[in-house]
Number of protein chains: 2
Amino acid sequence: PGEAKAKAIKVAKSSKKLGEDDPRRVIHSLKVGLALTFVSFFYYSRPLYDDFGQSGMWAVLTVVVIFEFTVGGTLSKGLYRGLATLLACALGFGASNLASHFGRKGQPIVLGILVFLLVAASTFTRFFPRIKARYDYGVVIFILTFSLVCVSGYRVEKLLVLALQRLSTILVGGAICILLSFIFPVWAGEDLHKLVASNVEKLAKYLEGFGGEFFQPLEDGRNDKVSNTDKSFLRRYKNVLNSKSTEESLANLARWEPRHGRFGFRHPWKQYLKIGSLSRRCAYQIEALDAYINSHNQAPLKFRCKIQGPCTRMSIECSMALESLASAIKTMTLPSSANVHVENSKTAIKDLKIAIKTVSLDHDQDLLAIVPAATVASMIIEIVKCVESLSESVHE
Amino acid sequence: PGEAKAKAIKVAKSSKKLGEDDPRRVIHSLKVGLALTFVSFFYYSRPLYDDFGQSGMWAVLTVVVIFEFTVGGTLSKGLYRGLATLLACALGFGASNLASHFGRKGQPIVLGILVFLLVAASTFTRFFPRIKARYDYGVVIFILTFSLVCVSGYRVEKLLVLALQRLSTILVGGAICILLSFIFPVWAGEDLHKLVASNVEKLAKYLEGFGGEFFQPLEDGRNDKVSNTDKSFLRRYKNVLNSKSTEESLANLARWEPRHGRFGFRHPWKQYLKIGSLSRRCAYQIEALDAYINSHNQAPLKFRCKIQGPCTRMSIECSMALESLASAIKTMTLPSSANVHVENSKTAIKDLKIAIKTVSLDHDQDLLAIVPAATVASMIIEIVKCVESLSESVHE
């Protein structure tokens, strides 16, 4: 019992943290609960029952499958559901009519063949990458509705009435979802915006800490503990590495959302994907750089003293450039100070090159351990330039 | 009309390519068509109709939502659907019973509150990352069935009969899906196995070509065209960078699959994830390395001649080690020759270090342009060692 209690407390704590991290999650859960309660009441109330009949459950089904976390998700799913249902109903009617010409015995066979062909064909379209990415849900709904219409077409005589009932309940369910999703809305576009900005920021944070981390143990040897405790911010960039799928799905949903806040209807969401992929490239470089962060004691002291200054300056300036880019994305202004920092880091590269030139070769055996930091830093500067030009194109 | 024809031909061609790339896609589409046709016939045939009634459509619904491309996917979804439906039915009965004590007026209100609470709570659990990854589908089914049972509980008097009917149709639909998925099965585990091996292979292919690509224009200047045409194999490693989510979902599904082919029931799928993440780390390094591939003309000739030998040898040996690892994963044997290649590349590093030592500083200004290739190669060797130890642990 004590163990169970401890576990319950643990679950409660992690739920609380989950809710506190993003209160919109709690609100979303409440909204879904509300939507289903609405739909249930709709179905409970006697007068409506006669109108909607068994199809009332389609409203419940619609709410469950449509209601997504973001407004874009709910809108796109709702639209797909509506369109796919209409198309499937129309085709289903056609199929039923066609089959009815074949008499009592032929009818099920013709219907079966038609179901087989259309279902197999539409299942196959789901393997097209473009359809998979955007219309997967619509195709599933199409398959479902088409088979249902065909199946019930044979049974229920008043097919048209039934289909209209069903469509109206789906409409009711969809309308409730869409209305509720606009109360305390969660915008996929805004999430994408924040995600891209915070990813750039994470890279900046890493570069900010990198110089200190790499050259730290020069001064004293007992810094290991300190560096262990505050290393967490150095790990955060790892999230950027695998951000591709999240960004793409958010951008897909964002295109569905109406004008909201600072985002117009035709906001250039594709630009975010470009910035995202550039910051991912930058993160790959940082990942490569990170492998060297613990090799600091291998290099000869004299050489390290020479490169420490320019290297630290480069990474700090890069970090500041990225930081200003991130805040520019956030506030949707032109990144004014980023250029200055990029220029500064370029002069730091020149200083570094001069410093390397003055190195004499006798304590140069462990060249391999030092130079990568400098070279990777110079690559990051190139990437910063790309990001900069891109963020400028966003704020056109 | 000509334009439409051209478009149709284009679609037909890409469909053909899609089918030829993986014939299992065609088979899967046919299987889904077959399953739905079976279910429809099941529903058509008179004697069964009386038993299954309106719930026959639940069989259709089950097939549409359960049938997945892989065996693991179908099995897990089928199981979740069954379990979630049972649990939701039980809770729904409880809720209906509880509500019936509150009289005609109180009943819908109590039911509404119960629906609201349970739906909100279970929607919230979907935000837990662990539940999201594994049980998301089950939770959705639970929400759906619970609300439906609650809603119909108020309407339909013979709730128990209805529920049993529904469960039996779901069982029929699920059974058809699971049976069909075992005919020409698509194993998620096998796909994962192949994916991991081919990813390692892609890295090997890149390293194999890298040496030649980087040092090529030393001999003659007109090689640009050649390198442009066969560069595609150098780009393939990019797929590895974003393979994380695919690998994880495949591994999740693979755990559901029974013993098949060379894969036991408790095959160590987690090892594949480890190998996958190590090869991704390797791919990040290659991505960083790739940024230098076009910088070959910046370095002074004399220096390049010195490092060309060891560098090329390093990347070739790495490539061979990775190649032998990939084939070891494929055939599930111990990677015997990988060690030799790793040792060879280690001696190549030593050679390289000696070569660098003998460089005099007067033509060393562009040090930055050359050294990265060498350093990154040395990093890759370290990663190869990791991969090697891991693949050994897989073939325990």
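Because the structure is a prediction, the values reported are computed rather than measured. Sequence lines set the chain letters: A, B, ... in the order given, protein chains first and strands last, and positions in each chain run from 1.
- Taking chain A as the reference chain and counting heavy-atom pairs below 4.5 Å, the highest number among B:Val64, B:Ile143, B:Leu117, B:Thr125 is found for B:Val64.
- Listed options B:Ala121, B:Ser29, B:Ala120 were ranked by heavy-atom pairs under 4.5 angstrom with chain A; first place goes to B:Ser29.
- Residue with the most contacts toward chain B among A:Leu144, A:Ile113, A:Leu114, A:Val140: A:Leu144 (heavy-atom pairs, distance under 4.5 Å).
- You'll find the side chain of A:Tyr137 reaches within 4.5 Å of the side chain of A:Ile66, heavy atoms only.
- With a 4.5 Å cut-off on non-hydrogen atoms, A:Ser122 does not touch chain B at all.
- Taking every heavy atom of both residues into account, A:Ala84 and A:Gly138 meet most closely at CB-O, 3.3 Å.
- For B:Val26, the parts lying under 4.5 angstrom from a heavy atom of chain A are both the backbone and the side chain.
- Proximity of the aromatic rings of B:Phe67 and B:His28 is defined here by a centroid distance below 6.0 angstrom, and this criterion is met.
- Using a 4.5 Å cut-off between heavy atoms, B:Ser243 does not touch chain A at all.
- In this structure the side chain of A:Phe38 never reaches within 4.5 angstrom of the side chain of A:Val63, judged on heavy atoms.
- Using modelled atom types, one side-chain atom of A:Ser249 and one backbone atom of A:Thr246 make a donor-acceptor pair closer than 3.5 Å.
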